[in-house]
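Atoms considered below: every heavy atom in the structure, side chains included; atoms not considered: hydrogens, waters and symmetry mates. Here is the naming used below: chain letters follow the sequence lines, and residue numbers restart at 1 for every chain.
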Amino acid sequence: MSHVVTRFAPSPTGHLHIGGARTAIFCWLLARHYGGRFHLRIEDTDLLRSKQEYTDSILASMRWLGLDWDGDLTYQTQRADVYSRYVDKLLETGHAYWCDCTPEEVEAMREEARQKGLKPRYNGRCRTRELGPGVGRCVRLKTPLTGKVVFDDMVKGRISVDVSELDDMVLRRADGMPTYNMAVVVDDYEMGITHVIRGDDHVSNTPRQILIYEALGLPVPRFGHVPMILGPDKQKLSKRHGARAVIEYQQDGLLPQALVNYLVRLGWSHGNQELFTRDELIEYFDGNNLNPASAAFDPAKLEWCNAHYMREMLLSDLARLVAPFVQQVGLGDLGQERLEALCLMFRERANNLKALAESFRPLVLPAAELVHAEKDAKKHFTDQGKEHLRKLSAVFAACESFDADTVDSALNAYVADNGLKFKEVAPPLRTALMGFMGGSHLKDIMAFLGREETLERLKRVTG
RNA sequence: GUCCCCAUCGUCUAGUCGGCCCAGGACAACGGCCUUUCACGCCGUCAACAGCGGUUCAAAUCCGCUUGGGGACGCCA
């Protein structure tokens, strides 16, 4: 495969969802792996449901995922005349014909077939009527009467369908607009697409499209139909399963590399490897090892994947990425330096940026606004616990400086000098500083808070 | 209804033209270690070849049937 051209062709009737995102990732990877080209085509021929805002949203998601495309966007609505030219050609060569059957009549034909237990289809009434152009007339393909359409799918292997299953499909509607299958074939040909990777739900369209390619005398591309992504309950993915659009994951604070990594492993594998860098993905993704079975979406594994990237990425990058979420949860602008300190303390305790930002709250809020968890306060703010905190206040007040090491040794000295165990002192201190029994290392917490804020928090407990 | 596709642990999967698989990895769950909380990390446990027939010395791997899923059957995409 020296020459590979792929494309992703969403219709702008909604945001980019994870199923489409995965298809796009596969297409992008295949092109990048072979050093080919990756195109983006907006299939907006459904005038009623297509919206520019969705195109914008899809493009934004593509960029966020890092899926760059080559060349300009193709909008199908701008190419009506092109499709028409190909339909005319089919008319001229006798591969297509005019039809004036009304939708009602066609539906009656389908009903009749259904009654007989056959596949509902158009019965070819106008096939031999030699009708010409006219108002209300569409153009249909003259499907071969016998034979099979066979193709070798990149993921499902050889698929064979008898032409008797197909009817004379409409190529151009009465209003002059091409139908989906017609437009796709023309575009894929004109864009020089060599590999069509798309959702499972298109397998039944493929034989129809191949018929059009053949009638037009055009080379047929390679097809690869990836199975659908199911919900955790193995049912079709729906709104019930929570966030589905990639924009929603972005808003929840997921990292694009985590989503890409997770999605690519849904239906594709490289031995036992789970985590991949972008370069590894490009290196390994050659169109093989695609799984023909549908896969269930597992939010837990996505979170794990995201947590992994949060832990291993550059601290400064993480801080920069979490900043907008910190703003969003109402903690204001903390500045890069403080954010990095916080990220260092909490990155291992959060699975996404939003949760990470939220975990900063106890340390960012002023002492007066700190809320003590009732259960922890009751358990650790005992008379003895308060006594420790009083003495510690004095110890901390006496510290020469207030960096983590200094505070740590002071705390250790207090414990050792009084013949105590850390377990007796740490819980009340932690609860006083964090508001609950959680957080990061005490020395880091105190160093971050600073002497004044630390003492103030102790004072709130000791009175 | 007709046609097409699919079928390994709860989930994602490895299993490259049958033997090295009484089936491996990862997530989840559970247990332990570490420990100044919570995490991280490390160690371990639980857990699957849908069923039935063939072919073969040998089948998760090949064939058939059954069952169970999914998809398609528009002048939607």
Is there a Watson-Crick or G-U wobble partner for [N] with both distances under 3.5 Å, and which nucleotide is it?
N: G1(B); answer: C73(B)
N: A50(B); answer: U66(B)
N: C22(B); answer: none
N: C42(B); answer: G32(B)

Pick base, sugar-phosphate or nothing for [X], based on heavy-atom distances below 4.0 Å to the nucleic acid.
X: E43(A); value: sugar-phosphate
X: L266(A); value: sugar-phosphate
X: D408(A); value: base
X: G199(A); value: nothing
X: S164(A); value: nothing

What interatomic distance, in whole Å, is found between [atom1] of [M] and the corresponding atom of [N]?
N: G51(B); M: C43(B); atom1: C1'; result: 38 Å
N: C52(B); M: U61(B); atom1: P; result: 12 Å
N: C34(B); M: C20(B); atom1: P; result: 40 Å
N: A26(B); M: A14(B); atom1: C1'; result: 11 Å

Nucleotides 38-45 of chain B: protein proximity per nucleotide (B base, S sugar-phosphate only, - neither; heavy atom, under 4.0 Å): BBSS----
Nucleotide by nucleotide, 5' to 3', does protein get under 4.0 Å of the base (B), only the sugar-phosphate (S), or neither (-) in nucleotides 63-75 of chain B, counting heavy atoms? -------SSBBSB
Modelled atom types, side-chain donor and acceptor of Q257(A) and N261(A), under 3.5 Å: no
Residue that, paired with W268(A), satisfies ring-ring contact (aromatic ring centres under 6.0 Å, His included) out of F26(A), Y262(A), F276(A): F276(A)
Just the table, please: protein N/O against nucleotides 16-24 of chain B N/O, every pair under 3.5 Å.
unit_1, atom_1, unit_2, atom_2, d
G24(B), N2, N272(A), OD1, 2.4

If we ignore hydrogens and angles and just use 3.5 Å, is the side chain of D152(A) paired with the main-chain N or O of G157(A) as donor and acceptor? no
Do Y122(A) and T143(A) touch side chain to side chain, with heavy atoms closer than 4.5 Å? no
